[in-house]
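Below, each value reflects all heavy atoms present in this structure, side chains not excepted, and no hydrogens, waters or symmetry copies. A note on names: the letters A, B, ... follow the listed sequences, proteins ahead of strands, and every chain is numbered from 1.
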Amino acid sequence: MSTSKMRNILTIGATAISAFYLGTYTNRLQNKDDATEEGICRLPGLPFFSTVSAATLVPATPAPGEVNLTATPSRISQIMKYGFPGLDHVRSHSDYVLSYDRRNRVPHWVFEHITADSVAKNDAVDRSKCDFRADESIHPYFRAQNTDYRRSGYDRGHMAAAGNHRLHQKHCDDTFLLSNMAPQVGQGFNRDSWNRLESYVRKLTRTYANVYVCTGPLYLPHKEDDGKMYVKYEVIGPNTVAVPTHFYKVIVSEAADQKLHMEAYIMPNKVISDDTPLQVFQVPPETVERAAGLLFFDQMNRKQLVSVNGKKV
DNA sequence: TTTATTGT
């Protein structure tokens with residue numbers, strides 16, 4: 001085991017990670033050659049695919065230079081090109097797709113498709129004009145409110161980052177829904193190392209034509225003094241919003257030649273020294289899948305996959 | 001630069 005791998009495991013908790021089988025992602029994918037064909041048929045009647053026959057009645061891909069302001073079927077298909085990680089309470093917004101965890105009042109996962117254009121500086125989009133607000137599409141029993149976060153000591157941390165959605169003010173606004181938030185340690189995490197990871201993902205668009213990123217929370221077990229394993233996490237506010245122990249990102253970068261490069265990261269929701277290299281937090285994608293109960297990019301053709309965490313496969 | 005909060 002390499003030094004960096006060992007440091008990584010120590011950082012995110014040895015007991016948590018050793019509980020998961022550290023196989024290779026490619027092993028599972030090797031049986032998935034025909035995954036693409038079965039993909040569409042597998043989808044249940046989600047609201048945005050409700051009537052396939054109606055698809056032609058809905059505005060399709062916008063003309064070049066124009067921007068989708070609503071979650072059109074074509075845009076959702078583009079964002080979700082490589083498959084849905086899960087299907088629990090899926091919501092499609094103008095520029096990202098989310099699955100909501102009603103029990104924990106935070107997302108299960110959010111999916112984004114970003115390009116050099118969508119992350120480019122745009123004076124027409126002003127983050128300071130965006131307001132954090134409750135998501136009215138979530139049943140009130142399960143809806144997080146701003147009061148849950150107030151004086152909790154935690155930031156309202158974006159899962160789909162505001163900085164990834166600069167094509168239009170509406171795209172930026174939509175990322176401020178509380179259904180896209182989870183409680184994050186502010187100084188030392190959200191505003192620092194997690195922000196570094198988000199910036200790194202944006203930087204990938206300088207090299208790759210399309211970047212697909214899935215982000216979400218984890219609740220990892222740890223061993224306590226009695227020798228038993230427990231999952232323990234704080235909850236905040238009147239609506240008992242869960243404070244995840246860790247967060248993940250699974251990224252697929254698509255090159256102009258259709259070759260795919262996959263990366264996966266798990267970071268603990270705690271103060272992380274700014275000089276910690278992001279590589280320290282790399283894990284096999286399968287580790288995130290087992291921890292989250294989700295399958296990422298399962299519609300990806302493995303023949304296109306050329307690297308995982310920077311190593312050839 | 002972007003990420004955010006504090007009865008400021």
Over how many whole Å does the gap from [X] atom [atom1] to [N] atom [atom2] extend?
X        : N     : atom1 : atom2 : result
A/Asn269 : B/dT3 : CG    : C1'   : 14 Å
A/Tyr200 : B/dT3 : OH    : C1'   : 20 Å
A/Leu197 : B/dT1 : CG    : C1'   : 16 Å
A/Leu178 : B/dT5 : CG    : P     : 10 Å
A/Arg150 : B/dG7 : CZ    : P     : 10 Å
A/Arg191 : B/dT3 : CZ    : P     : 12 Å
A/Asp192 : B/dT3 : CG    : P     : 13 Å
A/Asn146 : B/dG7 : CG    : C1'   : 16 Å

Take atom OH of A/Tyr141 as the centre, draw a 6.0 Å sphere, and report whether it contains more than 12 heavy atoms from other residues, nucleotides or ligands.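 It does not: A/Tyr141 OH has 12 such atoms or fewer within range.
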Side chain of A/Arg156 (C-beta onward), nearest among B/dT3, B/dT5, B/dG7: B/dT5
Closest nucleotide among B/dT5, B/dG7, B/dT3 to the A/Phe132 side chain: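 Nearest listed nucleotide: B/dT5.
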Could you walk me through whether A/Arg290 and A/Glu286 satisfy the salt bridge (Lys or Arg N to Asp or Glu O under 4.0 Å) test, starting with their C-alpha distance in whole Å, then the side-chain angles of each, then the deciding distance to 0.1 Å, before giving a yes or no? CA-CA 6 Å; A/Arg290 288 176 179 271; A/Glu286 185 178 312; 2.8 Å; yes
Reading DNA chain B from 5' onward, which residue's closest nucleotide shows up sooner: A/Lys121 or A/Gly153? A/Lys121
What contact category does [X] fall into here, base, sugar-phosphate, or nothing, at under 4.0 angstrom with non-hydrogen atoms?
X        : value
A/Glu198 : sugar-phosphate
A/Arg202 : sugar-phosphate
A/Asn190 : sugar-phosphate
A/Gly186 : nothing

Using a cut-off of less than 4.0 Å, is there contact between a side-chain N or O of A/Arg151 and OP1 or OP2 of B/dT5? no
Are a donor atom and an acceptor atom from the side chains of A/Asp117 and A/Thr115 found within less than 3.5 Å of each other? no
For the residue pair A/Ser137 / A/Arg91, report whether a side-chain donor-acceptor contact shorter than 3.5 Å exists.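 A donor-acceptor contact under 3.5 Å links the two side chains.
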Are A/Leu305 and A/Tyr212 connected in a single hydrophobic cluster, I mean Ile/Leu/Val/Met/Phe/Trp/Tyr linked by side-chain heavy atoms less than 4.5 Å apart?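 As far as the 4.5 Å side-chain criterion goes, A/Leu305 and A/Tyr212 are connected within one cluster.
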